Amino acid sequence: MMMGDGRFEVVWCVGVLTMLPMVVLSAGFTPADNYLIDCGSTSNTTVGTRVFVPDSSASKLLTSTGSIEASTSTKPGSSSDLAKLYQTARIFTSTSSYTFSITRTGRHWIRLYFSPFVYDVYDMNEASFSVSAQSHSLLDKYNPPSKAVVKEFSLNVTTGSLVITIAPWQNSFAFLNALEVVSVPDELVVDDASFVYPLGGYTGLLRQALETVVRVNMGGPLVTYQNDTLGRTWVNDQPYLLSPAVATNESNIAAVKYIEGGATQIIAPDAVYGSLTEMNSANTANSNFNVTWEFDVVQGFQYFIRFHFCDIVSKSLNQLLFNVYVDSYNVAPSLDLSAKTFSQLAAPYYMDFVTSPTTTSKIRISIGPSTINSDNPNAILNGLEIMKMNNSAGSLSGSAALNPASSSSGMNISLIVGIVVGGVVLLLIAVFVTIMCRKRQMQRQGGQGDSKTWIPLYINGNSHTMGSKYSNGTTVSTVSNYAYRIPFAAIQEATNSFDESGVIGVGGFGKVYKGVLSDGTQVAVKRGNPRSQQGLAEFQTEIEMLSQFRHRHLVSLIGYCDEKNEMILVYEYMENGTLKSHLYGSEYPSMGWKERLEICIGAARGLHYLHTGYAKAVIHRDVKSANILLDQNLMAKVADFGLSKTGPELDQTHVSTAVKGSFGYLDPEYFRRQQLTDKSDVYSFGVVLFEVLCARPVIDPSLPREMVNLAEWAMKWQKKGQLEQIIDSNLQGKIRPDSLRKFAETAEKCLADYGVDRPPMGDVLWNLEYALQLQEAVIQGDDEDNSTNNIGELSPQVNNFTHAETSGSPAEFEASSVDDISGVSMSKVFSQLVKSEGR
């Protein structure tokens, strides 16, 4: 590794040229576009099983008014086939371009090969040039090092052609030995990452151009194209360790178990997941230390960081808990890999993060012990990837692509300074005027500037464009005035300045406080934690999708606050907390079977409305008992829609998206294929049904192995026809067999392996109501009702439900159907008020 012109580069000497990346056409992935170009060559060059073709004018790829085919007779220091690529080069004396026809749009690798030599009057060590592709500057005023180097980039190509332009800098020239343009698997880079600080969701990764800084195989040897499915190169981590003595290596490739729906060999090869670096406690006086690696980066850019983990050292589940740091930020506190891999040891797992623009030229990665697991302190890391992200100008080279022909004219420095200073002064004046106008407007609306006056977000059918640091100016319409931007001072007053005694829950987003507004309304106030791994994305989703739904079985969002860099959401107060807390793990008295059925029916109505009550279905994506809240009358309301997605278009069957949700509830088909449908919610709801029946956690590692996963365990007994053996002991003898059978059949159908075999939520709702009728028949003395055949035996009348509920007793639905969809400012998506588990 070396530094050149402030850029970090991976450099290979001639003796190890076989380490350069290649794309392998394997059974795992066959690239739709696979251009391999030997620049300056007059004939094909065979490298292993691949053939690089010449870039002569006959290839119709190259457009140039000034280029030279160059070659050298110097023998490479290696007999590798890849070294043949460095025997020729194309020298460019004017701006030139390669144009590639793209068969399938999406992310593509661009690999540029450089190895300078002297040809005629051209000493390639003196070349200086720029390279751009699409609207991205890849290299700017680049001077390749004296040894062979490959610069690897990946771009999301959105059109049917890709143009790569090479432009000499001023009076210099450019050269290129070889070039690759190769398709990247869609699943390799998905739009699912977290900010390092403040922790929270990051979106927009798919649009980013990336430059590979380094790929590291922790604790293992060099990995080349020969044993990487995608032909990547992974270097050993030893050169980057700050204190090698505190680290030790472990290797057990045979132990790696790729689980269904988990990381695959496309994400990283066996050799990476089968080796690791861990804490070397034997060589230290204590175990209170971190293992740290340091990498050179270019200051001012954001970086995409991918961690690879595979626990090949633990002997039992939940044995290994550790912290992961990026610089000084703990991005994965008390990480338990077995909890992330469905209780499987040695199963690959990876995490993606995005940094803020760096303020130094170094990034440090550390792992260390968690205080929770002080009896067995250890920490591991199997692999690491760091990639530079393009800046706001679309550049990966520190500036936007420049025109070499016009750069010599330059600009007067004093003029530039004057423009910048003048612009800053004007901006400050504009900000001051805006603030003063806003203040006067608030005074007129609020009455003498009362800071506690609520400012309506939407009033009387008008649409209002909301712009803040948390919003991109989304315009939303409504027909009522239920949603308000609530001043921070009013929320402080409602919560007694966020008094800790008023905390009613702590979750991934932050703390939840009980509050009382000035009009006496009881509320739940959820205040975002700036270090939370959730936050910005969920906050934006909820605010931007306000007022599209109103329903009695969805938790109502009353208002929000984004003052003082806060992210605060205010909800109706749910007196009886979560369904989960009533089932186990709290002091609540056990609920009867009828109460549990009514709660399941209420939750099913909320989910059914989401799936069918609007032009597009809304898929919750995190259905679980902790997200079903109960009011003072134990009416169920669905909450936490921060992960929700709008359903597919009419001509589509699914939404392709990164897997998110809660372990134990995740749809296995969604996990395998990353294709989300409303049937993913149905699966999760099926798990909830068994959770309601058995009153135990959906994942409990303390139990024997066959009992750890509730869904698997319950399905085993259901298929044996003996489900009554495992139900909540408080329900033993209190459920009518017909009601239990109908309920169990419904849950079983929900847990079908394939979404197409699962019932829609309308069918689930109908069958739960039927199960309730069968149970109530006992109370009425009707013991003869045994109409409990397969689910869906009767045609449910709720399947065509749009804006009105057609099920339920008249007493329960005395409000008109219009009340349920009147469009008042109640969110279509809500964040859970009490969250006790991660995603």
Side-chain angles (χ1 to χ4, degrees), residues 1-13 20-21 37 39-40 55 62 64 66-68 70 85-86 88-98 109-119 122-155 162-181 209-214 296-301 303 361 386-391 393-408 410:
M1 302 295 169
M2 64 174 293
M3 292 292 296
D5 292 332
R7 302 180 183 89
F8 183 80
E9 299 176 334
V10 182
V11 178
W12 290 263
C13 65
L20 290 172
I37 310 299
C39 302
D55 65 344
L62 175 64
S64 177
S67 70
I68 301 167
L85 295 177
Y86 296 105
T88 62
R90 182 167 293 277
I91 297 173
F92 304 95
T93 58
S94 63
T95 300
S96 306
S97 62
Y98 290 90
W109 270 308
I110 297 176
R111 293 183 176 120
L112 307 175
Y113 293 69
F114 301 104
S115 184
F117 58 83
V118 178
Y119 178 79
Y122 297 97
D123 183 352
M124 297 180 194
N125 289 286
E126 299 176 356
S128 179
F129 53 92
S130 299
V131 180
S132 61
Q134 295 189 130
S135 58
H136 299 288
S137 173
L138 306 183
L139 300 171
D140 185 30
K141 292 187 286 187
Y142 182 59
N143 304 107
S146 58
K147 295 179 180 180
V149 61
V150 171
K151 302 290 289 184
E152 182 184 82
F153 308 89
S154 69
L155 277 66
L162 172 65
V163 179
I164 299 175
T165 302
I166 302 173
W169 182 255
Q170 295 184 349
N171 298 321
S172 187
F173 63 94
F175 79 95
L176 186 59
N177 297 89
L179 169 65
E180 293 185 37
V181 174
L210 303 174
E211 178 184 354
T212 302
V213 175
V214 67
D296 294 311
V297 295
V298 180
Q299 185 175 335
F301 282 88
Y303 287 86
S361 60
I386 300 178
M387 298 183 185
K388 185 198 296 182
M389 299 167 59
N390 66 260
N391 61 18
S395 175
L396 284 162
S397 57
S399 63
L402 301 175
N403 183 352
S406 62
S407 61
S408 58

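Keep in mind it's a predicted model, so treat the numbers as computed, not measured.
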L396 to A209 - nearest heavy-atom pair and separation | CD2-O, 3.7 Å

S135: side chain to side chain donor-acceptor pair (under 3.5 Å) partners, not counting sequence neighbours = none

In Å, rounded to the nearest 0.5 Å, how long is the span from NZ of K147 to OH of Y86?
-> 13.5 Å

Residues passing the side-chain contact (heavy atoms from CB on, under 4.5 Å) test with A178, sequence neighbours excluded, are L85, Y113

Donor-acceptor pair, D123 side chain versus F117 backbone, under 3.5 Å?
-> no

With a 4.5 Å limit on heavy-atom distance, are the side chains of V298 and Y303 in contact?
-> yes

With sequence neighbours excluded, residues passing side chain to side chain donor-acceptor pair (under 3.5 Å) with Y98 = D55

Which atom pair, heavy atoms only, marks the closest approach of S67 to T93?
-> N-OG1, 4.3 Å

Examine distances only and state if a side-chain atom of N177 and a backbone atom of C39 form a donor-acceptor pair shorter than 3.5 Å.
-> no

Going from CG on L179 to CG on L62, what distance comes out if it is rounded to the nearest 0.5 angstrom?
-> 10.5 Å

Which atom pair, heavy atoms only, marks the closest approach of V150 to R111?
-> CG1-CB, 4.2 Å

Stepwise side chain to side chain contact (heavy atoms under 4.5 Å, CB included) test for I164 and V181 | CA-CA 10 Å; I164 299 175; V181 174; 3.9 Å; yes

So CZ of F301 and CD of E211: to nearest 0.5 Å the spacing works out to 8.5 Å

Taking ring pair (Phe, Tyr, Trp, His ring centres under 6.0 Å) as the test, write out the residues that go with Y122, two or more places apart.
-> F173

With sequence neighbours excluded, what pairs up with S64 under the side chain to side chain donor-acceptor pair (under 3.5 Å) test?
-> S96

Heavy-atom closest contact (R90 atom, G40 atom, distance) = CB-N, 3.9 Å

Heavy-atom donor-acceptor pair, K141 side chain to W169 backbone, under 3.5 Å | no

Distance in Å, E152 CD paired with W109 CH2, rounded so as to fall on 0.5 Å steps = 6.0 Å

4.5 Å side-chain heavy-atom contact, M389 and L210 | yes

Among all residues two or more places apart in sequence or in another chain, which pass the ring pair (Phe, Tyr, Trp, His ring centres under 6.0 Å) test with F114?
-> F129, Y142, F175

Report yes if some heavy atom in the side chain of L112 is under 4.5 Å from a heavy atom in the side chain of L139; otherwise report no.
-> yes

Is the backbone of G394 close enough, under 3.5 Å, to the side chain of S137 for a donor and an acceptor to pair up by distance?
-> no

Closest contact, heavy atoms only, A127 versus P144 = O-CD, 4.2 Å

Results of side-chain contact (heavy atoms from CB on, under 4.5 Å) for V163 - residues two or more places apart only | S97, T99, T165

Any side-chain heavy atom of L162 sitting closer than 4.5 Å to one from I110?
-> yes

Under the side chain to side chain contact (heavy atoms under 4.5 Å, CB included) criterion, do L138 and L155 qualify, and how do the steps go?
-> CA-CA 10 Å; L138 306 183; L155 277 66; 4.1 Å; yes

When rounded to the nearest 0.5 Å, the distance separating OG of S94 from CD1 of I166 is 11.0 Å

